[in-house]
K.L.:
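This is the structure I have questions about; it appears just below.
Numbers here simply count residues along the sequence, with the first being 1.
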Amino acid sequence: MVRIKDYTGNVNGKFPLHAISVYFPGVKKDILDYNRELTEFQVFGIIPSRYMDGFWIGSAENPGLSYYDYKKDRVTPITGDTKLLQRVHRVYEENESTLWLTTSGCGVCKVILGEKDGKIVANSVQQFIFRDGQKEINDFFPMLVENDSIMWLGSRGMGLVRFNFKERKYKVLLLSDKEKFSINDILSIYRKDDTFYLGTVSGLVRLNFDAEGKPDVFCMGKEQGFLNDMIHGILEDENGFLWLSTNKGLVKYNPENNAFHTYYYSNGLQIGEFSDDAFYKCPYTGNLFFGGIDGLLYLEKERMNEVEYHPDVRFRDLTLGVEPVNFYDYYDEAANTLYLEGVSLSFSVSFIAPDFVEGDNFEYSYKLEGNHKEEWTPFTPDNVAVFKSLRYGDYTLKVRYKKDVFDTEYKFYSLNIHIQPPWYLSLWAYTAYMLIILILGIYGIRLAKKYYRREKLIKELMLHESHNAAMNSISGLFHETTGSFATIYKMCGQLRQFKSMPGEYYKMLDVIHETVLSFAFKSEGIWDERLSLDEYLPREITVYGEVGLKQLSDEMIRMLIYRGYNNLSDLTVDIEKGLKVFLPKNALSYIIYYLYSISLSAKVPVHISITAEGGTLTLRLNLSEEISDRIIGVQKEDGQLSASDSDFNTYLYQWLYVYAMKVMKGNASRKEHETFIELPLQQKKEEPIGGMNKKTVLLLEDKNEIAWLVSDILSDNYDVCCVHTSQEAFGYLRKNTPAVFLADTMIYLKEENKFIEYVQTNKGLLMNTAFIPMLTWKAAFLLQKDLNKLVDGFVVMPYNILFLKEIVNMAVSRRSVKEDTVLVNVPGETGRDIICETAEQANFAKQLLKVLDDNLDKEDLSTAFIAEQMNISPRQYYRRFKEISGLSPTDFIKNYRIEKAAALLLETDWPILKVISEVGIQSRSYFYKEFASRYGVTPKVYKKNRLDKEITEEENIDN
């Protein structure tokens, strides 16, 4: 602690050394004898005593509380129970023997004092720690006491605490819980009438309470013009103004009108950065004291509120862009107008109120009328008005200034500004623009027609997909029949390769049998006599796959309707949503069809539930005992089938049920009033992960049997990714580049030409992918002309299924040769919009991308600008660009900006405004519109979805 005698007689810190003393607990030294390295006494607060001739000193620790006696001229540490007396900031004397302390880390402490051997002793210390929910509040700086019972405590980070220390009750008041939580970090408290003023780390908070006790919070900080919003101390002068000590100077604040003025180094202030707890008002002189990192500052009462005259404002310097020019070359004094030229002009104008004595204390504010932002800027010492991208037109610049905070009635000074439009906004230029718009309109109509045609095609393809997938449609049955025969061709082709009959051939024969049986099952019975079917049934199932139970159940119900079961209201089926199992679909179809048909034959309500648990698929049926016995009794130990039905189809379905239950090792039983069919589930074999050189084949196929067959043929050399609709296929192609796109056009039977036409409209997606359609011989003949221009090979079904692998390998080989000279590394989907066929085109594309990357933050990336950067003419640039892309340069740059913005969203934590500024987009609404158009979601949802996907993929890898 430092004591300076007669500070008023020694201005500017010119004190004689003998007038300065340094105090430590129990020690007093002259300033000449002080050595900081030997001992340190960090003082946080000096509080006058109401009952003794001295004052209390709050300090860091060892001790945290001391007392200075005026008579003894000594600092005496408090002894006794001082364990909790650490980092003391404020002291309140409740009476002669009771103190209340705020501490940083130990909460609020109540200290009972005594005396021993002439020294002050802490006989007992009671600690008070407050809570807000689960959060503990124990860090306090300021304290304000009212009515000898209410204590207002400013916490560090947890708001204001109202503590009734008589009743031991408290309430925590958070000043802000979301937008500006930092104002809950309170450094100082001052009360003026019924208003609290709180100094926080994020500004000055004005706090009032209404008649019901609800708080009204108003905050002033950097947004309102403060140079710094960390308020360390608050003091009131004799005129009712508040003085705030901050990290960047002193702020003089008028509570009546919220006006303020900042004093900093530029105003002659010798101390710019102030400290916590370092503020004091002398009760004798009214002088204000503030301590900072460079020393102690005090304000004399007589000089605080001097007001002087206000000179007129003069406009002087002008800067166009970054080039200073002579203001008067553009200024017409008679008209008081500044004449400029440009379509979107950036310039600055400086102004000053000439005052060679107090000019450094002036603060200026301005606004530009005629602009959409017609608001006064906050008062600051800055005397330059800066305008960016100001459109041509007429404006008025108004400037005002202040020297103090007495009132808010300011005189303003005006300057008219006229910005003339450039030549290209003349009448004949507008005529040319109209012609260009007309031409672009015609071109846009052509593009719209092309887009409409593409959308119409995809809708027609979707209609054919749904129609051909329907049970018993002619196209669907033909497609499935072709697939079945393709399987037969595949297996027979393999059998012909052998001269003898190894054991594995029996497995292939089982596949052939099962496929033929599937065809007989899904068509009407063709036999007219009863036979023992054992010799026609394979002994085991070899074709397994993932089966959706709900889809399979719906398929069997459609078969029942087709075959005459019209009243299905008696049948209720309950299947868990999304339930899928790994089982042979055909065999499971036999079982479900038979159970549904025999349940309906009872002509009473039947409920069937299907569940999968513990490695078993369970079908539970509430059937009569007669029907239940019939289901169980249809299988006999001797393998003979009970044939009491008169028609062959029922006889066949019973055989298929018995066969499926046998090969799937199923069990039928009856418990109480329910019948249970239990089928053991198979474990899905994990597909081996492809090596570094294993390429991807995208397969468009809606029949699982054909998908399994193609995967079996190609799995040794390729990873097969199967999709079921053209929308899924082209969605995949927009994000990935498979080696081969293999499409089963029989999905669109008799409409294959529309599918080929749709592929043609999206051929840009196939520049690095071989396209191989699978079609019938008739479609191949009719579409031969179109196919020659588009495809890399085709498979005639079912005859060419034996050569599928060879066809795919040849297409991939030819495609590899084409790609040798067209590689240009373009990130994202934009790379699909650039197609280079020569090394010269590739070099042009690389040069273009470099220019875009270097200048992407510029809004104006016109053809002329880019051509100039590439050292070519605009016409040559446009011609060469059209050689490598089907887009216009404008659309390509727009796509490039949007994709770059998407990448920045994922790679950085930047806000949206910074991201769009980085890619040269000025309009936030335009960015949201284009982003949603490209990605289907807003930027925020896009980033969240991608992050969620990455987390899910990492969890899957960990599992």
Side-chain angles (χ1 to χ4, degrees), residues 157 174-185 200-205 217-231 246-248 322 344 346 348 367-368 371-378 380 382 385-391 735 827-830 849 852-861 890 892-954:
L174 287 178
L175 304 177
S176 177
D177 56 355
K178 290 183 180 179
E179 295 180 357
K180 202 171 183 179
F181 191 82
S182 55
I183 65 173
N184 292 301
D185 195 347
T200 75
V201 299
S202 288
L204 177 68
V205 174
V217 177
F218 172 75
C219 181
M220 295 184 65
K222 286 185 178 180
E223 296 84 355
Q224 287 71 36
F226 281 18
L227 291 181
N228 180 268
D229 51 12
M230 180 172 285
I231 313 299
T246 75
N247 276 357
K248 287 188 177 181
V322 295
S344 181
S346 297
S348 62
K367 73 174 179 178
L368 186 67
N371 190 22
H372 64 282
K373 298 180 180 178
E374 294 186 2
E375 298 178 357
W376 288 101
T377 62
T380 67
D382 189 7
V386 180
F387 305 102
K388 293 184 178 181
S389 303
L390 203 61
R391 289 186 58 81
K735 299 179 180 179
E829 296 182 27
T830 310
L849 294 175
L852 292 181
D853 289 334
D854 293 343
N855 300 277
L856 199 60
D857 59 339
K858 294 181 173 63
E859 182 181 10
D860 183 18
L861 288 180
T890 301
F892 177 81
I893 294 172
K894 177 187 72 175
N895 294 345
Y896 197 77
R897 291 187 197 269
I898 297 299
E899 286 202 5
K900 182 67 174 179
L904 290 175
L905 285 173
L906 299 178
E907 297 168 1
T908 69
D909 293 328
W910 292 351
I912 293 294
L913 288 179
K914 184 172 182 180
V915 170
I916 64 177
S917 175
E918 191 71 16
V919 298
I921 297 177
Q922 300 299 321
S923 172
R924 183 170 181 170
S925 60
Y926 169 79
F927 172 73
Y928 271 78
K929 175 185 175 183
E930 294 297 334
F931 193 96
S933 175
R934 188 162 186 83
Y935 294 104
V937 293
T938 63
K940 182 178 181 181
V941 175
Y942 173 81
K943 182 172 183 177
K944 180 179 182 300
N945 291 345
R946 290 296 296 269
L947 292 178
D948 290 345
K949 181 179 179 183
E950 291 177 4
I951 293 173
T952 302
E953 290 175 350
E954 291 176 0

K.L.:
Just to verify, what does Ser182 make a side chain to side chain contact (heavy atoms under 4.5 Å, CB included) with, not counting sequence neighbours?
P.N.:
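With sequence neighbours excluded, Ser182 shows a side chain to side chain contact (heavy atoms under 4.5 Å, CB included) to Lys180, Val201, Ser202, given in chain and number order.
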K.L.:
Any chance you could measure Ile893, atom CD1, to Ile898, atom CD1, to the nearest 0.5 Å?
P.N.:
12.5 Å
K.L.:
Looking at Leu856, is its backbone amide N or carbonyl O close enough to the side chain of Arg897 to form a donor-acceptor pair, meaning the two atoms are under 3.5 Å apart?
P.N.:
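Present.
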K.L.:
Nearest 0.5 Å, please: how far is CZ in Phe218 from CG in Leu175?
P.N.:
14.0 Å
K.L.:
Can a donor-acceptor pair be found, under 3.5 Å and without considering hydrogens, that links the side chain of Asp229 to the backbone of Met220?
P.N.:
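Flag not set: sc Asp229 to bb Met220 has no pair under 3.5 Å.
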K.L.:
Do the side chains of Arg934 and Glu899 get close enough for a salt bridge, i.e. N-O under 4.0 angstrom?
P.N.:
yes
K.L.:
Could you tell me how the ring of Tyr935 sits relative to the ring of Tyr942: parallel (under 30°), tilted (30 to 60°) or perpendicular (over 60°)?
P.N.:
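Judged by the thresholds at 30° and 60°, the geometry between Tyr935 and Tyr942 is tilted.
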K.L.:
Any idea how Tyr896 and Phe892 line up, ring-wise: parallel (<30°), tilted (30 to 60°), or perpendicular (>60°)?
P.N.:
parallel
K.L.:
Give, for atom CG of Asp854 and atom CG of Leu849, the distance between the pair rounded to the nearest 0.5 Å.
P.N.:
11.0 Å
K.L.:
Sequence neighbours left out, what passes side chain to side chain contact (heavy atoms under 4.5 Å, CB included) with Lys858? Give chain and number order.
P.N.:
Asn855, Leu861, Phe865
K.L.:
Quick one: do Val205 and Ile231 satisfy side-chain contact (heavy atoms from CB on, under 4.5 Å)? Show the steps, please.
P.N.:
CA-CA 10 Å; Val205 174; Ile231 313 299; over 6 Å; no
K.L.:
Using every non-hydrogen atom in the two residues, find where Gly225 and Pro378 come nearest and quote the distance to one decimal.
P.N.:
CA-CB, 3.8 Å
K.L.:
Enter the distance from Tyr928:OH to Lys940:NZ here, rounded to the nearest 0.5 Å.
P.N.:
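Taking OH in Tyr928 and NZ in Lys940, the distance rounds to 8.5 Å.
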K.L.:
Apply the test side-chain contact (heavy atoms from CB on, under 4.5 Å) to residues Lys943 and Leu906: give CA-CA distance (whole Å), side-chain angles for both, the deciding distance (0.1 Å), then the verdict.
P.N.:
CA-CA 6 Å; Lys943 182 172 183 177; Leu906 299 178; 4.3 Å; yes
K.L.:
Testing the basics here: between Leu227 and Lys222, what is the closest heavy-atom pair and its distance to 0.1 Å?
P.N.:
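In this case the closest contact between Leu227 and Lys222 is O-CE, 3.9 Å.
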K.L.:
Please confirm whether the backbone N or O of Met230 pairs with a side-chain atom of Thr246, one donor and one acceptor, at under 3.5 Å?
P.N.:
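No, Thr246 side chain to Met230 backbone: no donor-acceptor pair under 3.5 Å.
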K.L.:
To the closest 0.5 Å, what do you measure between CG (Leu904) and NZ (Lys914)?
P.N.:
10.0 Å
K.L.:
Who passes side-chain hydrogen bond (donor to acceptor under 3.5 Å, both in side chains) against Asp185, sequence neighbours left out?
P.N.:
Arg156
K.L.:
Mind checking what makes side-chain hydrogen bond (donor to acceptor under 3.5 Å, both in side chains) contact with Ser925, not counting sequence neighbours?
P.N.:
Ser923
K.L.:
Once you round to the nearest 0.5 Å, how far does CD1 of Ile916 lie from CG of Asp857?
P.N.:
13.0 Å
K.L.:
Can you name the side chain to side chain contact (heavy atoms under 4.5 Å, CB included) partners of Ala385, sequence neighbours left out?
P.N.:
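So Ala385 forms a side chain to side chain contact (heavy atoms under 4.5 Å, CB included) with Phe351, Tyr366, Phe387, Leu397.
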K.L.:
For the residue pair Ile183 and Ser176, what are the closest heavy atoms and their distance?
P.N.:
CD1-CB, 3.7 Å
K.L.:
Below 4.5 Å, heavy atoms only, C-beta onward: do Lys388 and Ser346 meet side chain to side chain?
P.N.:
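A side-chain contact exists here, since the closest heavy-atom pair is under 4.5 Å.
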K.L.:
For Lys248, which residues count as a salt bridge (charged side-chain N to carboxylate O under 4.0 Å, His left out) partner, sequence neighbours excluded?
P.N.:
none
K.L.:
Can you list the steps and then say if Asp382 with Thr377 is a side-chain contact (heavy atoms from CB on, under 4.5 Å)?
P.N.:
CA-CA 11 Å; Asp382 189 7; Thr377 62; over 6 Å; no
K.L.:
Provide the closest heavy-atom pair for Tyr926 versus Ile921 in the form atom of the first, atom of the second, distance.
P.N.:
CD2-CG2, 3.9 Å
K.L.:
For a 4.5 angstrom cut-off between non-hydrogen side-chain atoms, does Leu905 reach Ile912?
P.N.:
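Side-chain contact under 4.5 Å: yes.
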K.L.:
Taking all heavy atoms of Pro939 and all of Phe927, pick out the closest pair and write down the distance.
P.N.:
CG-CE2, 3.6 Å
